[in-house]
Amino acid sequence: MLSTRHLTGIKNITEADIQLIFQTAEEFKEVINRPIKKVPSLRDMTVANLFFENSTRTRVSFELAERRLSADIVNFSASASSVSKGETLLDTVNNILAMKVDMVVMRHPAPGACAFLANKIKANIVNAGDGTHEHPTQALLDAFSMREHLGDLAGKKICIFGDILHSRVALSNIFCLQKLGAHVKVCGPPTLIPKHIGGLGVGVEHDVRKALEWCDVANILRIQLERQDIRYFPSLREYSQYFGINKALLDSLGKQILIMHPGPINRGVEITSDVADSEHSLILQQVENGVAIRMAVLYLLANQ
Amino acid sequence: MDTSRIILSQPQFNLVIERLCHELIETYDDFRDTCMISIQPRGTPLADRIYRRLTELGVPAFPYGKLDITFYRDDFRRGKQLSASTTEMNMLVEDMKVILVDDVLYTGRSVQAALTALNHYGRPAHVELLALVDRRFNRHLPVQPDFIGISIDALEEEYVKVVWGTEGDDEIILYPKKV
C-alpha cells in the first residue's frame, strides 16, 4: 500500500512506495503487450486531466493509462476554459469535482500547485508536472527504464545533462534515484545549474566528457527554449558544441552508456540524431514504460 | 489454543493429485489443442505439480500459463489490499481447450475474474475448472468445478489453506478463521 493518497512529488514518497510502483508497473507492462490491452480496475472511477500548460506525451500517456484501466475521462486544457476568464485554480477544480470526479491528474505552471490542491480537495491528485518543481511520473519511468537494463540501481552512476535550472524532471529524478541508492551528478553550463544543488547531495560537473566517463547512464534534458527569458548561454550552436552529446564523443569513451531523454528532443542541440536513434538509446522504451508506470500510479492511488 | 485441523495429508494428498492427473488424461487424451492455466499465485504450485506428474505419465508437452487476476478482481477499492503477481502467458487461448487450475474454490469470484482475464487472450473453445479443494457451500456465484480434489463443508468464516511442502509433507489445513 502506498504511504500517500496523492502523488505530488517524489520527495514525499518512500523507497518502499517506489518499489511497489515498479512491481505493479511490471505487471501492467505485461498487460499492455496483450492482444487486449485493457483491464477493468478503474471502471467505476472518473479521472480529470487538467492541463494548465502544454503537453503532448505526458497527456497522451496519462490518457492511455486511464483508458487501459477502463476509467472514464474528462479532459481539460486551460486555453479552452474559464481560466482565461479569471477563475481561480481552486474554483476550477471544485467545479470539476462537483461533477463527481474521483481523481485529478494535473499539470500547472506554478510550483506547488498540486500540493496546494491536495490539501484542499478530497480526490486523489497526481502531479503531471508543476512548473520547475517536480514531475514524479517521469522520474519513476526513467528509473524503471534504467532498472530494466541495469537491475538494482544502488551504487549505479547517473548523470543528468542540460538545463537543470528549469527542469522539474531533474529534481524528481534526483530524489528518485537517490532514494534507490544511485549516485547522481548533474552536468551543464554554470548558468543552468541551480546554485544550491550541492545541498541535495548531487555532484556537479561542467565538462561533458568527464561526466560521460563517470556515468553508467546519461539522462539528457531538453534545453527549454520557452524558459530562456534571459540568455543563459550565447547561442544554441555554442551550447551544442560544448554540451551537446554526439556519437563521436560517445565512441571515444571506450565504454557503453545508456542514453535517455524525456523528450521532446531538440535534435542537433543537446543530442544528435545518431545518438538519439542508436541502440543504446532508451528513449522509446521510456515512452512505453510511461504508460505502465502511470497505470501503476493510478491503480495504487485508487486503492487508497 | 491452536484449533486448526488437518483435513488432508500424506499419503492421501498424493493420491488425490494422482487421481486428478488420471481424470485429466481420461478427458483430454493426448492434450492436443489443450492448455493449462493456473490462477496466480496459489493455483500455481498445484498446476506445477500436476503438469510435472502428467509429463511423468507420458503426456506430451502442452502449453502452460500462469494468469494473475488482480486487475480483474471485483473487490478492488473495497478495503482489501491487492498486490499483483506475475502473469506468464506465452500463448493465446483462441480455440483452445483450457484447464483452469486453482487450489481452493470458495466464493467463485476468483474464477469469474480469471474468466474475464482469460478472454483477453482470445476466445477459448471451452474452459474447465480444476480445484484441489471445493468449499461447496460457500459460493457467491454460480461456478462449479469440473475436476475436484476434495470437497469440504466449511463455515463462511473458516479458512482453508493448502500448504505445499518440499519433501512430500503437503497438507490441507482448516482454520477457524483467516490466519
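First the proteins, then the strands, lettered A, B, ... as listed; each starts at 1.
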Does CD belonging to B/Glu157 count more than 12 external heavy atoms closer than 6.0 Å? yes
Taking side chain as everything from C-beta outward and backbone as N, CA, C, O, which of these in A/Gln23 sits under 4.5 Å from a heavy atom of chain B? Side chain, backbone, both or neither. side chain
Report yes or no: do B/Ser151 and B/Arg136 form a side-chain donor-acceptor pair below 3.5 Å? no
Kindly confirm or rule out a cation-pi arrangement of A/Arg107 over A/Phe51, judged by NZ or CZ under 6.0 Å from the six-membered ring centre and within 45° of its axis? no
Would a line drawn from the ring center of B/Tyr51 to the ring center of B/Phe62 be shorter than 6.0 Å? yes
Selection from A/Lys37, A/Met45, A/Glu26 maximising heavy-atom pairs under 4.5 Å formed with chain B: A/Met45
Picking from B/Arg73, B/Arg78, B/Arg77, what satisfies side-chain hydrogen bond (donor to acceptor under 3.5 Å, both in side chains) with B/Asp75? B/Arg73
Looking only at A/Ile36, A/Leu20, A/Asp44, the option with the highest number of non-hydrogen pairs under 4.5 Å against chain B is A/Ile36
Side chain, backbone, both or neither: which part of A/Glu30 has a non-hydrogen atom closer than 4.5 Å to chain B? side chain
Pick one of side chain, backbone, both or neither for B/Ser85, based on which atoms fall under 4.5 Å of a heavy atom in chain A. backbone
For B/Asn119, which atoms come within 4.5 Å of any heavy atom of chain A: side chain, backbone, both, or neither? backbone
